[in-house]
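These notes concern the structure reproduced below.
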Amino acid sequence: MPELPEVETVVRDLRPVLVNRRIVAISVGPQLLRRPWQPEWEAKLLGDRVTAIRRRAKWIIVDLESARRLLVHLGMTGQLTVTSAGCPVLAHTHVIFDLDGRAEQLRFRDVRRFGSVELIGDETALQAFLAERVGPEPESLDPQGFALAICRSERPVKAILLDQHVAAGVGNIYADEALYHAGVHPQRRGRTLTGEEVERLRLAIATVIRQAIDNRGSTIRDYIGGSGLRGQFQNQFYVYGRTDQACRRCGSPISSVRVGGRASHFCPLCQPVHPRRKQRQRKVPSTTRADLCSDLSQGSTRF
DNA sequence: CCGACGTCCTGCTAGC
DNA sequence: TGCTAGCAGGACGTCG
């Protein structure tokens, strides 16, 4: 399941083999993707040349010479690869772009079809599209803004982390891992976190994401990079998918619960529901609470 | 406005 | 052995 690190890996893999290539033919399968392919896109794309490829949150942006942008989301099981045209086309391959020069194709494959491939008119339209869907990147979270998003919310902190407006690109795996390293239980309500915990969480998110990128992301089932390679970060999970296995720090068995409809993995000892000194949670106006949260102290994460 | 929950989709697996 | 129910979850719509 591609989250930010996996998408970043795909983009890095594709950059050397996709930039400067021209689209010379397109074929689209009959099955509908989340955002259905519009027939008029084909004529617009033919002959266009890729000038750059980049990432924003979990979205892949392919910049074209025409100023149009090809926008790709991998959903759960999406794969975007540059493949030799001679390679057999695997089942669930929905879009194939023939590239000029060497006989290669950019292929979009997605078993569960939660992903999408679409054409956006220009950079302005792209930015408008993204602005209403994603907030700041995890590596550049503003401490104040992040603290406010957490401390003003009544939701479980795990659900807040999955909100793309709060920390764009974080998904179920890295939310669980970050909460573990910050020592925060996934079911804690946002407004019950101390300023120190919020800051630990912010740092943990950035660190987990960075380490996952360094390891080419995590391959659980379907994920592969742009060159077909698997990720390696799954070997370094502390909690995700480790239910009943021993916590790497304290040895107690990892638990799992459902939070906001998603499986959440945590260590009951390292991430207590009620942290050591269970401080009184008085109902206070949100502005006052926000002031408390903005009083941040530097906390250490557990790496 | 906010939060909770249902929906989409397919393949794999646990359990009877 | 064969069948089925349940699970995986990112984004988005709907409902209270």
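Chain identifiers are assigned alphabetically (A, B, ...) following the order of the sequence lines, protein sequences preceding nucleic acid strands; residue numbering begins at 1 within each chain.
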Checklist entry - With both distances under 3.5 angstrom, what nucleotide forms a Watson-Crick or G-U wobble pair with C:dT1? => result none
Item to check | Any donor-acceptor N/O pair under 3.5 Å between B:dG3 base and A:Arg189 side chain | outcome: no
Checklist entry - How far does CD of A:Glu104 sit from CZ of A:Arg102, to the nearest 0.5 angstrom? => result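 Taking CD in A:Glu104 and CZ in A:Arg102, the distance rounds to 4.5 Å.
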From [atom1] of [X] over to [atom2] of [N], roughly how many Å is that when rounded to an integer?
{"X": "A:Leu130", "N": "C:dC12", "atom1": "CG", "atom2": "P", "result": "11 Å"}
{"X": "A:Ile220", "N": "C:dC7", "atom1": "CD1", "atom2": "C1'", "result": "15 Å"}
{"X": "A:Arg191", "N": "B:dC2", "atom1": "CZ", "atom2": "C1'", "result": "13 Å"}
{"X": "A:Gln164", "N": "C:dC12", "atom1": "CD", "atom2": "P", "result": "9 Å"}

Checklist outcome for this item: Smallest heavy-atom separation, A:Asn172 atom then A:Glu3 atom, equals N-OE2, 3.2 Å
Checklist entry - Honestly, is A:Arg242 close enough over A:Tyr238, meaning NZ or CZ under 6.0 Å from the six-membered ring centre and within 45° of the axis? => result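 The answer is no, since A:Arg242 fails at least one limit relative to A:Tyr238.
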Checklist entry - Nearest of B:dG11, B:dA4, B:dC9 to any side-chain atom of A:Arg112? => result B:dC9
Checklist entry - Among the nucleotides B:dC9, B:dG3, C:dA8, which one has an atom lying closest to any side-chain atom of A:Met76? => result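 Per side-chain heavy atoms of A:Met76, the pick is C:dA8.
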Checklist outcome for this item: Residue pair A:Ala159/A:Arg262 against DNA chain B: nearer the 5' end by closest nucleotide is A:Ala159
Item to check | Pairwise 5' ranking along DNA chain B for A:Arg34 and A:Arg155, keeping only the more 5' one | outcome: A:Arg155
Checklist entry - Would A:Leu119 and A:Phe129 show up in the same hydrophobic cluster when neighbours are defined by side-chain heavy atoms closer than 4.5 Å? => result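 No.
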